[in-house]
Novice: 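What follows is a structure written as structure tokens; I'll ask about it next.
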Amino acid sequence: MTALALVRSGRLRRRSRRRALIGLLAAGVALAFALSLMIGHTFYPPADVLAVILGRDVPGAGFTVGELRLPRAIVAVLVGAGFGLGGVTFQTMLRNQLASPDIIGITAGAGAAATLAIVVLRLSGAQVSAFAIAAGLGVAVVVYLLSYRHGVAGTRLILVGIGVAAMLDSVTAYLLSRAGEWDLQQAMRWLAGSLNGVTWTDVRWLTWATAVLAPILLAQTRPLGLLRLGDDTASALGVRVDRTRIVLIVAAVGLIAFGTAAAGPVAFVAFLSGPIAARIVGRHGSPVLPAALIGALLVTVADLLGQWAFGTRFPVGVVTGVLGAPYLLYLIVRINRSGGSL
């Protein structure tokens, strides 16, 4: 067999393996989605759930599944996919696993703005979401400008983002210390990252945001992969580096901001999805689409566990935080032992 034939054979095997992995992940998301519609205080069989989705009137299930479980499950999938896409975009573009929106201040900005809206301005619902979206975008712009110096270096952006996140967390803590009892409960429930109380209104605008922004990131898969090789190499291969980076940042931050507005800052989903996807697809495949599926799977399964696996109910952000915090410590220890840096 010639060398060219060997190369082609290797590419075909990698493509087949990638398609199989994506299929398995998609099947896992579909299974978790279906279970979240069936499991609860009352178990509804798949036939009843399917009938409700198709618009038929099923006594009991019509309200429980159609108005409570179905919006929650859809938002879980969309939020997880958005966080996964946004997180892997930053990590790949800046060539650093710590370059996640959880770490560099974007979710902290959205959280501080939402707390301000709830505690000081006494807003609720869509108004809080609007504040969170605007703040997430604004913090991303500030971090980008502060870290820009003849281009954006990953280490500089991460350090600036950590500093900005620390300041915003202090603002949030101060606002919470001044909050009344009811406002404090509302703010803490939002900051924990929760899918309680999501409605079809949340589903509609989150669907629109995902439908607009996710294809932009998926269309930039090849330029994003080339940015992993460095700006000079990517530019030599035809990538318009500054323009591509701005498009990627705007789309990724938009997904993170809209997801945070819908469910709060669900901890570590954006941080975990990319590294897990990279380990699954290996060095030769793009982790972008797998990261979206892994994010959707993480949020859906974590919400299901938080509701029914323990003696009491936990917000989805508590469960993902328990999963993500040990990985963050492991990553920092591994970097330190290898003699690397941020």
Side-chain angles (χ1 to χ4, degrees), residues 22 25-26 29 71 74-94 99-102 104-107 109-111 113-114 126 128-144 152 157 161 193 195 198 200-225 227 239-266 269-274 277 286-300:
I22 290 175
L25 288 173
V29 173
I74 294 173
V75 170
V77 171
L78 293 178
V79 166
F83 279 20
L85 277 173
V88 76
T89 297
F90 274 98
Q91 290 165 333
T92 305
M93 179 174 58
L94 299 174
S100 164
D102 304 275
I104 62 177
I106 295 172
T107 53
V128 175
S129 299
F131 262 75
I133 292 167
L137 295 171
V139 169
V141 171
V142 170
V143 171
Y144 184 86
V152 177
L157 187 142
L195 295 171
V198 298
W200 282 108
T201 300
D202 300 309
V203 173
R204 281 191 288 271
W205 57 258
L206 187 56
T207 300
W208 277 109
T210 305
V212 171
L213 297 172
I216 294 175
L217 291 180
L218 293 173
Q220 296 294 319
T221 297
R222 181 181 177 277
L224 179 62
L227 285 175
V239 177
R240 299 173 66 178
V241 174
D242 289 336
R243 177 179 175 275
T244 300
R245 183 175 280 120
I246 290 173
V247 170
L248 290 169
I249 289 175
V250 170
V253 170
L255 279 176
I256 295 294
F258 275 95
T260 303
V266 183
V269 176
F271 177 67
L272 287 172
S273 300
S286 170
V288 175
L289 182 56
L293 294 171
I294 289 169
L297 187 61
L298 279 174
V299 175
T300 307

Novice: Once rounded to the nearest 0.5 Å, what's the spacing between atom OG1 of Thr207 and atom CD1 of Ile74?
Specialist: 6.5 Å

Novice: Please round to the nearest 0.5 Å and tell me the distance separating atom CG of Leu248 and atom OG1 of Thr221.
Specialist: 9.0 Å

Novice: Run the side chain to side chain contact (heavy atoms under 4.5 Å, CB included) test against Ile22 and tell me which residues pass, sequence neighbours left out.
Specialist: Arg18, Leu289, Pro290, Leu293

Novice: Would you say Trp200 has more than 12 foreign heavy atoms packed within less than 6.0 Å of its CH2?
Specialist: yes

Novice: Among residues at least two apart in sequence or on other chains, which ones pass side chain to side chain contact (heavy atoms under 4.5 Å, CB included) with Ala209?
Specialist: Phe258

Novice: Tell me whether Ser273 contacts the main-chain N or O of Ala270 through its side chain, where contact means a donor paired with an acceptor under 3.5 Å.
Specialist: no

Novice: Would you name the heavy atoms of Gly254 and Leu213 that are closest together and state the gap between them?
Specialist: C-CD1, 3.6 Å

Novice: Could you work out, with side-chain hydrogen bond (donor to acceptor under 3.5 Å, both in side chains) as the rule, every residue matching Thr89, not counting sequence neighbours?
Specialist: none

Novice: Using the side chain to side chain contact (heavy atoms under 4.5 Å, CB included) criterion, which residues pair with Ala257? Sequence neighbours excluded.
Specialist: Ile133

Novice: Is the closest side-chain heavy-atom distance between Val75 and Val203 below 4.5 Å?
Specialist: yes

Novice: Could you report the tightest heavy-atom contact between Val253 and Gly136, atom names first, then the distance?
Specialist: CG1-O, 3.7 Å

Novice: With rounding to the nearest 0.5 Å, note down the distance linking OG1 in Thr210 to CH2 in Trp205.
Specialist: 9.5 Å

Novice: Say you draw a straight line from CD1 of Ile104 to CZ of Phe90; how long is it, rounded to the nearest 0.5 Å?
Specialist: 4.5 Å

Novice: If you define the side chain from C-beta out and look only at heavy atoms, does anything of Leu25 sit under 4.5 Å from Ile294?
Specialist: yes

Novice: Search all heavy atoms of Leu217 against all heavy atoms of Ala251 and return the closest pair with its distance.
Specialist: CD2-CB, 3.7 Å

Novice: Taking Gln91 for its side chain and Phe271 for its backbone only, find out whether a donor-acceptor pair lies under 3.5 Å.
Specialist: yes

Novice: Once side-chain hydrogen bond (donor to acceptor under 3.5 Å, both in side chains) is applied, do any residues pair with Arg204, and if so which ones, sequence neighbours excluded?
Specialist: Thr201

Novice: Taking all non-hydrogen atoms of both residues into account, name the closest pair between Ala291 and Ala277 and its distance.
Specialist: N-CB, 3.6 Å

Novice: Kindly give the heavy-atom pair with the smallest separation between Gly82 and Leu255, and that separation in Å.
Specialist: O-CB, 3.9 Å

Novice: Return the CZ to CG distance between Phe83 and Asp102, rounded to the nearest 0.5 Å.
Specialist: 7.5 Å

Novice: Can you list everything that forms a side chain to side chain contact (heavy atoms under 4.5 Å, CB included) with Val139? Sequence neighbours excluded, please.
Specialist: Val143, Val164, Leu168

Novice: Output the distance between atom OG1 (Thr244) and atom CE (Met93), rounded to the nearest 0.5 Å.
Specialist: 10.5 Å

Novice: Report yes if the side chains of Thr92 and Leu227 come closer than 4.5 Å at any heavy-atom pair, otherwise no.
Specialist: no

Novice: Considering non-hydrogen atoms only, spot the tightest contact between Thr260 and Pro265 and give its length.
Specialist: CG2-N, 3.7 Å

